[in-house]
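Please read the structure below before turning to the comments.
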Amino acid sequence: MRIITWNINSLRLRLPLLRKLVEEETPDIICLQETKVHDDLFPQHALDDLGLPHYLYKGMKSYNGVAIFSRYPLELVDHFPEWCGKKDCRHLAVSIGTPDAPILLHNFYVPAGGDIPDPTENEKFAHKLNFLKETTNWFQKTPPTRSILVGDLNIAPLENDVWSHKQLLKIVSHTPVETESLNEWINTGFIDAMRQIIPASEKLYTWWSYRNKDWKKSNRGRRLDHIWISPDLKEKVQNITVLSHARDWETPSDHVPVMMDINPS
DNA sequence: ATGGTCGTCGTACGA
């Protein structure tokens, strides 16, 4: 089973790139974040011929939004709270029908958190920390089994998840309070599948800012996108690939897709 | 030293 997660930064603008991604990699499942389209305007007919006939989406006007496309039947899993009491379309959970037991798949878009890393001065940062606290509490009560969690978590937790650990310690996405919060969440019972395949001693990024003229030359990236698995799937992971070349596509997203091959049977 | 660039909506705001 091949799963891709991608912050597409506007589904409607990048429909041709989604098509290209599906043609090149033939995934069985794609999880998107920042679709930025209200459900009423979801371009489903433009996607009829993708070969991923099962899909679910949760979107709003302009901001956020998540979607999942699948070759296999999906069932919405909706017994989750509205995180932070907001209906801001940051989480979609589905059960994937496989020949064996189903797989529970979470697609998350964690709040970015604004620029100032102080919850008393910046309510977006407070929202981010509260979001992490709520998800952590929830998974503590319900440790994951046969589960995959993917998405744009907007935190680069390890030193080699950023281009300069020292220079980013006070930059939102790599502050100690964030990386510690993310560690608490993953420690509710997940494994960082990307770092199981690509050792923590290697630099690994999934996002490069639009603000650098030459993303490849400056290479000031961060690993903001993640794939986590429950321990019972640990031996099933076959490969993980960061599709960095997608950053060079025409009108690219600032995030690149991350792909996992897993044999869940 | 502190810009720099996108996408969406509508000429600001979030990332």
Side-chain angles (χ1 to χ4, degrees), chain A residues 5-21 31-43 46 57-67 83-84 86-91 107-119 121-132 150-157 161-164 166-175 177-179 181-182 205-226 243-258:
Chain A
T5 178
W6 189 24
N7 179 321
I8 195 169
N9 187 15
S10 173
L11 172 60
R12 286 175 294 176
L13 185 70
R14 280 182 248 286
L15 276 171
L17 295 188
L18 179 60
R19 191 172 298 282
K20 185 187 182 78
L21 177 64
C31 296
L32 299 176
Q33 305 87 34
E34 282 208 90
T35 53
K36 293 187 175 176
V37 59
H38 191 279
D39 289 348
D40 293 343
L41 296 171
F42 194 84
Y57 46 83
K58 185 160 38 164
M60 57 194 277
K61 193 179 175 181
S62 305
Y63 304 117
N64 312 331
V66 280
W83 307 112
C84 301
K86 293 177 191 283
K87 297 188 174 179
D88 54 358
C89 309
R90 295 181 178 276
H91 179 212
N107 181 16
F108 270 100
Y109 175 54
V110 170
D115 290 332
I116 303 163
D118 180 343
E121 278 183 51
N122 171 10
E123 50 181 59
K124 287 181 206 147
F125 196 72
H127 177 213
K128 184 177 197 174
L129 297 182
N130 286 332
F131 190 100
L132 296 165
V150 307
D152 176 5
L153 305 185
N154 266 315
I155 297 172
D161 293 340
V162 292
W163 62 276
S164 168
K166 202 176 164 186
Q167 282 176 263
L168 286 170
L169 274 170
K170 290 179 178 172
I171 302 297
V172 170
S173 74
H174 194 62
T175 65
V177 65
E178 290 170 89
T179 56
S181 297
L182 197 71
Y205 314 137
T206 65
W207 172 90
W208 291 263
S209 171
Y210 284 127
R211 295 177 190 180
N212 290 312
K213 269 216 166 65
D214 187 333
W215 73 275
K216 204 178 277 177
K217 194 178 170 192
S218 56
N219 198 24
R220 295 186 166 191
R222 304 178 202 168
R223 184 170 72 110
L224 303 180
D225 303 274
H226 297 267
L243 301 173
S244 308
H245 68 280
R247 192 62 180 77
D248 271 334
W249 285 346
E250 201 176 323
T251 330
S253 168
D254 44 357
H255 295 253
V256 298
V258 183

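For clarity, every value in this text was computed on a predicted model and none was experimentally measured. Lettering follows sequence order; numbering is per chain, from 1.
For B/dC13, the paired base is B/dG7 (Watson-Crick or G-U wobble, both distances below 3.5 Å).
Across B/dC9 and B/dC13, the matching C1' atoms stand 10 Å from one another, rounded to whole Å. As rounded to the nearest Å, B/dG4 and B/dG10 have C1' atoms that lie 24 Å from one another.
Rounded to a whole Å, the CG atom of A/N9 is 19 Å from the P atom of B/dC13. We find that OH of A/Y109 is positioned 5 Å from P of B/dA15, with the value rounded to whole Å. To the nearest angstrom, C1' of B/dC9 lies 8 Å from OH of A/Y63. One atom, CG of A/N212, and another, P of B/dT5, lie 10 Å apart when rounded to the nearest Å. Spacing between atom CD1 of A/I171 and atom C1' of B/dG3 amounts to 13 Å, rounded to whole angstrom units.
At the phosphate of B/dG14, OP1 or OP2 sits under 4.0 Å from a side-chain N or O atom of A/K124. Considering only side-chain N and O atoms, A/R14 lies under 4.0 angstrom from the phosphate OP1 or OP2 of B/dG7. Within the structure, a side-chain polar atom (N or O) of A/S62 is placed less than 4.0 Å from OP1 or OP2 of B/dC9.
Each of A/E34 and A/K61 was assigned the nucleotide of DNA chain B with the nearest heavy atom; the assignment lying further toward the 5' end belongs to A/K61. DNA chain B is contacted by both A/P111 and A/S10; A/S10 maps to the nucleotide lying nearer its 5′ end (nearest heavy atom per residue).
If you check every strand for non-hydrogen atoms under 4.0 Å, A/T251 touches sugar and phosphate atoms only. Among the atoms of the strands shown, none is found under 4.0 Å from any heavy atom of A/K213.
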task: Check step by step if salt bridge (charged side-chain N to carboxylate O under 4.0 Å, His left out) holds for A/D248 and A/K216.
output: CA-CA 9 Å; A/D248 271 334; A/K216 204 178 277 177; 2.8 Å; yes

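Looking at A/W6 and A/H255, their side chains never bring a donor and an acceptor atom within 3.5 Å of each other. Judged purely by distance below 3.5 Å, without hydrogens or angles, the side chains of A/E178 and A/T175 pair a donor atom with an acceptor atom. Side-chain N/O atoms of A/T5 and A/Q33 include a donor and acceptor closer than 3.5 Å.
Both cation-pi conditions hold for A/R220 and A/W163: the charged atom is under 6.0 angstrom from the six-membered ring centre and inside a 45 degree cone around its axis.
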